[in-house]
Amino acid sequence: MKKLVLLILLSYCGYRECHAQNVNGKINVKVIDDKGHSLPFASVVLRHTKDSSLVKGELSAADGSASFENITSGHYFVQSSLVGYQTAYTPAFSIDPTHTAVQFPNMTLSSSSKDLKGVTISAQKPFIERKEGATVLNVESSVAAAGSNVLDVLRRAPGVQVDKDDNILLKGNGGVTVMLDGKLTYLSGEQLANLLKSLPAETVSQIEIMTSPSAKYDAAGNSGIINIKTKKGVATGVNGSLNGSGGFGRYGFYNAGLNLNWRAEKFNVFGSYNHSDRHFFNERLATRVVNGDNKEAAQFFSAPQFGKRNHIGNQYKLGFDYFISPKHTVGVLLNGYNNFFRSNVSNTTNIYRLGNPTLDSSLNSVTTNDHNFNSNTINVNYKGQLDTLGTEISVDADYVSLGYHRRLYMNDSMYYPGNPAYKNPHTIRNFTTTKMTIKSIKGDLVLPFNKTTKLETGVKGSFVTTDNVLQYDSLYEGKYIPALSQSNHFIYTENVLAAYGIIKKSFSGGTDAQLGLRVEGTTSKGYSVTYNSVVKRNYVSFFPNLTVDHSFSKDHKLGISFARRISRPEYEDLNPFIFYSDRYTYGRGNPYLKPEFTNIVELTYTFKQQYIVSVSYDRTKDFISEFLEQNDSTKVTWSYDKNYDHKQGWHLTLTVPVTATKWWNINNTLNLNYNYFRLQDVGMDIVNSAIGAHFETTSTFTLPGNWKVELNAYGGTPFQWGVWKGKAYYAIGGGVQKTLLDKRLNMKLNFTDVTNGDQFRGSAVYGNVDFHIHNQWQNRTATLSATYSFGNSKIKGARDRQTATSAEAKRSGG
């Protein structure tokens, strides 16, 4: 069968080549304005007269000229357009053996603008849009985003929350897949949060939030996909931008970056580099009750903690596209980052007899953490259009190398009232090294049957190996002695083979439907070298996807979608390593975690293309979430991820933009959630549920003299997540923007969380666990930023591409 398909494809290509050689036609044209001046960079396209389908497209040169070569026999016309001018057309003409060269007189584009006596009207995209089933944040349109990092911007995104550990939740659900320019970040948990914190908002153009992605995307991410699109050049010639910002909260921070794009007739080179240095803090108060062996032995632990942190980030991207022809392009993309994170944390655990305010003892500890994380990716890609109907084929291959190094030093000792000397000094250090390689390749085919029906299909393979080593030492009589019982060596391999097919159909009457199916086969092996234990898994999963949209009129649109998703455990959560916070609290991995599967149904109504109401329901089997256990005798509490029986959620989202005046726009979003969690295990049956709400509003004032002011606020009610119950939170911020130098220089001053209300206050109370946390961080900041654009502002940008990167790779963090 494969040989037959290949033979048909080769025959078809050969047939096209033979006919292309019959005639070698050439068409010349020149574009001018109604005053006779040449018009450079006008769009000039060649179309078939039969159905107006596109044959070729060009931009006019500096003298207004454009030409088309190697044109086969047929009937054509030329269309030319440019912003601010009326579109012009040539008469129909033919290319045949007796007419191989066509020279048109000048095409004149008449001005379509009217003199408004100095009044300039400019339009800007709203901060939040709904496009093709996705919620889109136009970060470039936000004044308050200046100087922020991407994680801060996501906190303001509709339906997005960031929990106490900087994990991203979408409509109250975890397991979100995060992509950069359609490419997986290879990170999750703490490492993903660190990357997003080190990525300046000035480098981002849009953020797409997809709660029901099609079968084309990896099935990973049970609550959806967040795709962060970075800025690219938009013009031929050379253009680019410089950006920089500086600010302060309790501590200062800055970032600077450069973006460049060089496009010529046959190639495009683009690249960027960004450096950030952010100093900030995290302050936490953890309290818990330990009952002990009897009521009289019950103790109260109060542990205030302060951590000063420093993130230094370096991100780079370099790409090259070569245009074999207008319909065939090959490219190479290199990108990566080299980030350094340091934290110095001081922690005091005060221990009291329950109900007695007199201090019983105190544990004092100081911890230093140094993290180095680097990632380098090379992508080779090809994209080709095989015919004028829209048949396309694309191939992407990736090789990724990641390295993670962590050095931890912890010193602690006990203090007893009445005895000024510290007792039982305890010093440990551990070195964690993770090396990961990911190889991935995918191919996609778009095959239109006609103007209303097309098939999208593709295959993909990804192969992951991660090698983790933890060396744990204790200081004894001035020397570090290896603690073999706490050290570990863990190797994890995972291979995923996938295939998908999507049928898209447009029906008369305004109905569009999309039916897809993705199949993924997974083979994994977790091997603890230290314990000589192996956990293997081998399973095949099916992920159907259905989307139907119907437009009743221009103002009324209704859509329904269904999707099945998977969220595989993060690699570090499968690793049985132990990570100490102090001698009384630690976290560990769980090699027996199973993947979780989620079914999602969503109904969306759109009014006048801007007012949006969506209702969705999801159910997750083997839901993964944090779980706490406590030993009342040793006073130790530890946390790890565990499979719950299931989780259910109902969600209502309202998006209501308001145009108060011509110069005042208000964007409002409300999310209502009901989440239900159940965990059944030996000796326990935990059921938690809660109704929660999250609200956001942004007012934008467009003022004379290229001034713009923005005020924003967001907040949420108490909520439930697994065993954790969180309290209400809120934040208020704003900013002002001024454009200068013919809008090439953009200056912004913004303030975030001026009331310092965005904090996490939560508790986990069940069984013998009674744990409470209050977290706050550097949210209250002031930032001044500047972006300067230079070069040709009309350059067509580099191609957006979905590379072969697979979703399982994002789980490398923890």
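- There is no side-chain donor-acceptor pair under 3.5 Å between Asp96 and Ser73.
- Taking both residues in full, the closest heavy atoms of Leu109 and Ser80 are given as CD2-O, 3.7 Å, listed atom of the first, atom of the second, then distance.
- In this structure, the side-chain contact (heavy atoms from CB on, under 4.5 Å) partners of Ala513, at least two apart in sequence or on a different chain, are Phe507, Val548.
- Remark: of the listed residues Asn268, Val332, Leu333, Asn268 is the sole one forming a side chain to side chain contact (heavy atoms under 4.5 Å, CB included) with Asp321.
- For Asn374 and Asn338, the side-chain atoms include no donor-acceptor pair closer than 3.5 Å.
- Within the 4.5 Å cutoff, the side chain of Ser375 has heavy atoms near those of the Val400 side chain.
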Chi angles and distances behind the side-chain hydrogen bond (donor to acceptor under 3.5 Å, both in side chains) call for Thr522, Arg568: CA-CA 10 Å; Thr522 304; Arg568 299 178 178 91; 3.0 Å; yes

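- Defined by atom type and a distance below 3.5 Å, a donor-acceptor pair is missing between the side-chain atoms of Tyr337 and Asn274.
- For the pair Ile502/Gln514, a side-chain contact is recorded, criterion being any heavy-atom separation below 4.5 Å from C-beta on.
- A donor-acceptor contact shorter than 3.5 Å links the side chain of Thr457 to the backbone of Tyr500.
- Using a distance-only test at 3.5 Å, with no hydrogens or angles considered, a donor-acceptor pair links the side chain of Arg564 to the main chain of Phe542.
- The aromatic rings of Phe77 and Tyr89 sit tilted relative to each other, their planes meeting at an angle between 30° and 60°.
- Side chains of Phe93 and His75 form no contact here, defined as non-hydrogen atoms less than 4.5 Å apart.
- Taking 4.5 Å as the limit, some side-chain heavy atom of Met107 sits within range of a side-chain heavy atom of Thr90.
- Contact detail for Val446 and Glu456: the closest heavy-atom pair is CG2-CG, 4.1 Å.
- In terms of heavy atoms, Asn255 sits closest to Ser276 at CB-CB, 3.7 Å.
- Checked by atom type, the side-chain pair Lys505/Thr452 shows a donor-acceptor distance below 3.5 Å.
- Remark: Lys30 is not positioned above the aromatic ring of Phe104, lacking an NZ or CZ atom under 6.0 angstrom from the ring centre and at most 45 degrees off the axis.
- A heavy-atom distance below 4.5 Å is found between the side chains of Asn243 and Asn259.
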Worked verdict on Asn376 versus Tyr399 for side-chain hydrogen bond (donor to acceptor under 3.5 Å, both in side chains): CA-CA 8 Å; Asn376 295 285; Tyr399 178 81; over 6 Å; no

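- Using modelled atom types, no side-chain atom of Lys454 and backbone atom of Leu447 make a donor-acceptor pair closer than 3.5 Å.
- Phe543 approaches Arg565 most closely through the heavy-atom pair CE2-C, 3.9 Å.
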Side chain to side chain contact (heavy atoms under 4.5 Å, CB included) between His99 and Ser94, intermediate numbers included: CA-CA 7 Å; His99 301 86; Ser94 298; 5.7 Å; no

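- Residues Ile438 and Leu402 meet the side-chain proximity criterion, which asks for heavy atoms closer than 4.5 Å.
- Residues Ile566 and Tyr539 have side chains in contact (heavy-atom distance under 4.5 Å, counting atoms from C-beta outward).
- In this structure Ser551 satisfies the side-chain contact (heavy atoms from CB on, under 4.5 Å) test together with Lys557, sequence neighbours excluded.
- Counting heavy atoms from C-beta on, the side chains of Gln315 and Asn339 come closer than 4.5 Å.
- Side-chain atoms of Asn381 do not come within 3.5 Å of backbone N or O of Val330 as any donor-acceptor pair.
- Under the side-chain contact (heavy atoms from CB on, under 4.5 Å) criterion, His328 pairs with Ile324, Ser325, Tyr382, Leu386, not counting sequence neighbours.
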Chi angles and distances behind the side chain to side chain contact (heavy atoms under 4.5 Å, CB included) call for Thr329, Phe267: CA-CA 9 Å; Thr329 305; Phe267 66 86; over 6 Å; no

